[in-house]
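Take a look at the structure set out below.
Both counts, for ligands and for their atoms, begin at 1 and track the order of listing. In what follows, every heavy atom counts, from backbone to side chain, and hydrogens, waters and symmetry copies are set aside. This chain uses plain numbering: 1 for the first residue, then up along the sequence.
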Amino acid sequence: ETAGDLVITEKFDALALMTINRPKALNALDQLTLQQLDAAVSAIEADPQIKVAIITGSGEKAFVAGGDIGVMQPLDPLGARRIAVDVQQLLNKIEYGSTVYIAAINGYALGGGCELALACDIRIAADSAQLGQPEVNLGIIPGWGGTQRLPRLVGSSMAKQLMFTGERISAARAAQIGLVSEVVPATGLLARARELAQIIAAKPKMALQLIKEAVNNGREMDMQRAFAYEADLFGLCFATADQKEGMLAFLEKRQPQWRDQ
Ligand code: CO8
């Protein structure tokens, strides 16, 4: 199954592997690549069989080296604003989608590439990967959610340090600050991503979806509302077949047979 040659989607039962495939530009996102990424994410969200999607970059050097600087250079203010809004919407499809997204960061994740990874639910990185928000070096700021997602993930102070300096950090450092959750040898990155994806894909889909909703939407609420929201979603679990099955299987001392409903 292929959405286009700049973003390749392969499907393995409940898993999808999306590869951003523009290696000659270190997988920088130009208009066509963004269009294909958008189409690929929409196709994944529309496929009820897919529970987990891995996003990675082709080649050994880069995950995504950013937005395409050649495309951005001549933009006027409204054009730049348009691209920022459009890509924010694309990344929101990932963050607020019903699929679990894992970024497998195989090399440079810079600027818009780091922001793409930030929109995913989980980030794991090759030991050779480098991450950063170098926009300041181009006279701009992150525009694809970076000024908002990065501080929520690593704290304002660390986020501002990364954005003010534009410095690239190693995968090991990214793990220390919580920007990635695991670092693995480069040759084992995809295998580990698929292993994680498989573990998650073996879980009941509604519970996965409700965990994602509780975390992502709850973060935007004050604590009292967030607790009430969590309680509502907890209650909603009891409308699913898999809650009945999961608890019955435990009590009957057998493995559950998930129906993903
Ligand atoms: N855009 C376009 N082309 C790129 C990009 C990019 N972001 N990154 C790399 N390339 C191209 C290079 O131009 C080069 O092309 P060519 O072979 O035709 O000269 C090819 O990829 C290989 O790159 P290098 O020769 O530079 O490879 P090196 O190993 O020497 O360096 C680096 C690798 C360090 C990653 C270097 O390429 C680099 O610094 N790239 C730019 C990184 C960057 O600044 N990224 C942030 C871009 S800004 C952004 O993402 C903002 C998004 C929000 C925009 C809001 C809407 C307006």
Side-chain angles (χ1 to χ4, degrees), residues 4-8 18-38 40-41 55-95 101 103-120 123 125-154 158-174 179-180 186 189:
D5 55 355
L6 292 168
V7 177
I8 297 165
M18 296 163 76
T19 306
I20 299 173
N21 182 36
R22 204 184 160 220
K24 66 174 174 16
L26 302 184
N27 302 322
L29 301 173
D30 64 357
Q31 295 292 30
L32 207 54
T33 312
L34 284 166
Q35 271 172 29
Q36 291 192 14
L37 182 60
D38 193 82
V41 170
I55 302 180
T56 195
S58 77
E60 277 156 30
K61 270 186 83 171
F63 173 71
V64 169
D68 189 298
I69 298 168
V71 171
M72 280 188 283
Q73 195 275 338
L75 291 177
D76 63 16
L78 286 180
R81 184 172 186 273
R82 183 77 259 155
I83 289 192
V85 169
D86 286 349
V87 180
Q88 285 169 3
Q89 282 171 359
L90 160 58
L91 298 186
N92 284 341
K93 245 186 239 181
I94 293 173
E95 179 162 23
Y101 289 88
I105 303 171
N106 56 307
Y108 292 117
L110 302 176
C114 190
E115 291 170 300
L116 169 62
L118 283 167
C120 293
R123 284 155 293 285
D127 52 6
S128 54
Q130 292 188 34
L131 296 87
Q133 297 287 164
E135 284 88 345
V136 71
N137 297 326
L138 300 165
I140 60 171
I141 70 170
W144 296 349
T147 64
Q148 303 308 308
R149 288 195 181 93
L150 190 59
R152 283 166 172 78
L153 190 64
V154 304
M158 186 61 69
K160 283 187 282 191
Q161 184 173 332
L162 287 169
M163 290 186 280
F164 287 153
T165 65
E167 276 173 4
R168 301 197 294 263
I169 58 170
S170 66
R173 179 72 183 138
L179 179 49
V180 303
L189 178 71

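Counting only heavy atoms from C-beta outward, the side chains of Leu179 and Leu118 approach each other to under 4.5 Å. The side-chain heavy atoms of Leu29 and Glu115, taken from C-beta on, include no pair separated by under 4.5 Å.
By the 3.5 Å distance cut-off applied to N or O atoms, Gly67 is counted among the residues near ligand 1. For Ala28, no nitrogen or oxygen atom sits less than 3.5 Å from a nitrogen or oxygen atom of ligand 1, counting backbone and side chain alike. Where the criterion is an N or O separation shorter than 3.5 Å, residue side chain and backbone included, Ile69 meets it with respect to ligand 1. Not a single N or O atom of Arg168, backbone or side chain, sits closer than 3.5 Å to an N or O atom of ligand 1. Ligand 1 has no N or O atom lying under 3.5 Å from any N or O atom of Gly111, backbone or side chain.
Within 4.0 Å of atom 53 (C) of ligand 1, at least one protein heavy atom is present. Distance screen at 4.0 Å: atom 57 (C) of ligand 1 has a protein heavy-atom neighbour inside the cut-off. For atom 19 (O) of ligand 1, the nearest protein heavy atom lies 4.0 Å away or farther. Distance screen at 4.0 Å: atom 8 (N) of ligand 1 has a protein heavy-atom neighbour inside the cut-off. Within a 4.0 Å radius of atom 1 (N) of ligand 1, the protein contributes at least one heavy atom. In this structure, atom 16 (P) of ligand 1 has its sub-4.0 angstrom surroundings free of protein heavy atoms.
Taking CG from Leu110 and CD from Gln130, the interatomic distance works out to 7.5 Å, rounded to the nearest 0.5 Å. Between Ile169 atom CD1 and Gln161 atom CD the span is 9.0 Å, to the nearest 0.5 Å. The line from CG of Leu162 to CZ of Arg168 is 13.0 Å long, rounded to the nearest 0.5 Å. Between atom CD of residue Gln73 and atom CG of residue Leu75 there is a gap of 8.5 Å, rounded to the nearest 0.5 Å. Between the CG atom in Asn27 and the CG atom in Leu116 there is a gap of 10.5 Å [rounded to 0.5 Å]. Between the OG1 atom of Thr33 and the CD1 atom of Ile20 there is a distance of 8.0 Å, given to the nearest 0.5 Å.
Within the structure, every pair that satisfies the side-chain hydrogen bond (donor to acceptor under 3.5 Å, both in side chains) test and touches residues 135-145, not counting sequence neighbours, is listed here: Gln133-Glu135.
At the top of the distance list for atom 10 (N) of ligand 1, counting protein heavy atoms only, stands Ala25 O, 3.7 Å. In terms of protein heavy-atom proximity, atom 44 (O) of ligand 1 is closest to Pro134 CG, 3.5 Å. Looking only at heavy atoms of the protein, atom 45 (N) of ligand 1 is closest to Ala65 O, 2.9 Å. If you check which protein heavy atom lies closest to atom 26 (O) of ligand 1, you get Leu26 CD1, 5.0 Å. Ranking the protein heavy atoms by distance from atom 51 (C) of ligand 1 puts Glu135 OE2, 3.5 Å first. The closest protein non-hydrogen atom to atom 55 (C) of ligand 1 is Trp144 NE1, 3.3 Å. Among all non-hydrogen protein atoms, the one lying nearest atom 30 (O) of ligand 1 is Lys61 NZ, 4.7 Å. The shortest contact between atom 38 (C) of ligand 1 and any protein heavy atom is with Leu110 CD1, 4.8 Å.
Residue Asp68 approaches ligand 1 through these ligand atoms, each under 4.0 Å from one of its heavy atoms: 1 (N), 2 (C). Taking every heavy atom of Ile83 and a limit of under 4.0 angstrom, the matching atoms of ligand 1 come to 56 (C). In the vicinity of Gly143, heavy-atom distances shorter than 4.0 Å reach the ligand 1 atoms 53 (C). Proximity to Gly66 (heavy-atom distance under 4.0 Å) selects the following atoms of ligand 1: 50 (O).
Ligand 1 lies less than 4.0 angstrom from a heavy atom belonging to Ala80. Within the 4.0 Å heavy-atom shell around ligand 1 one finds Lys24. Contact annotation: Arg81 has no heavy atom less than 4.0 Å from any atom of ligand 1.
Heavy-atom minimum distance, Leu91 versus Ala119: O-CB, 3.7 Å. Listed here is the closest heavy atom pair of Gln36 and Val7: OE1-N, 3.2 Å. What you find for Ala103 and Phe63 is that their closest heavy atoms are CB-CZ, 4.2 Å. For the pair Leu26 and Tyr108, the tightest heavy-atom approach, listed with the atom from each and the gap, is CD1-CD1, 4.3 Å. Closest approach of Gly70 and Asp68 over heavy atoms only: N-OD1, 2.9 Å. Among all heavy-atom pairs drawn from Cys120 and Ile55, the shortest one is SG-CD1, 3.9 Å.
At a heavy-atom cutoff of 4.0 Å, ligand 1 is contacted by the side chain of Leu138 but not by its backbone.
Scored by the salt bridge (Lys or Arg N to Asp or Glu O under 4.0 Å) test, Arg81 finds no partners at all (sequence neighbours excluded).
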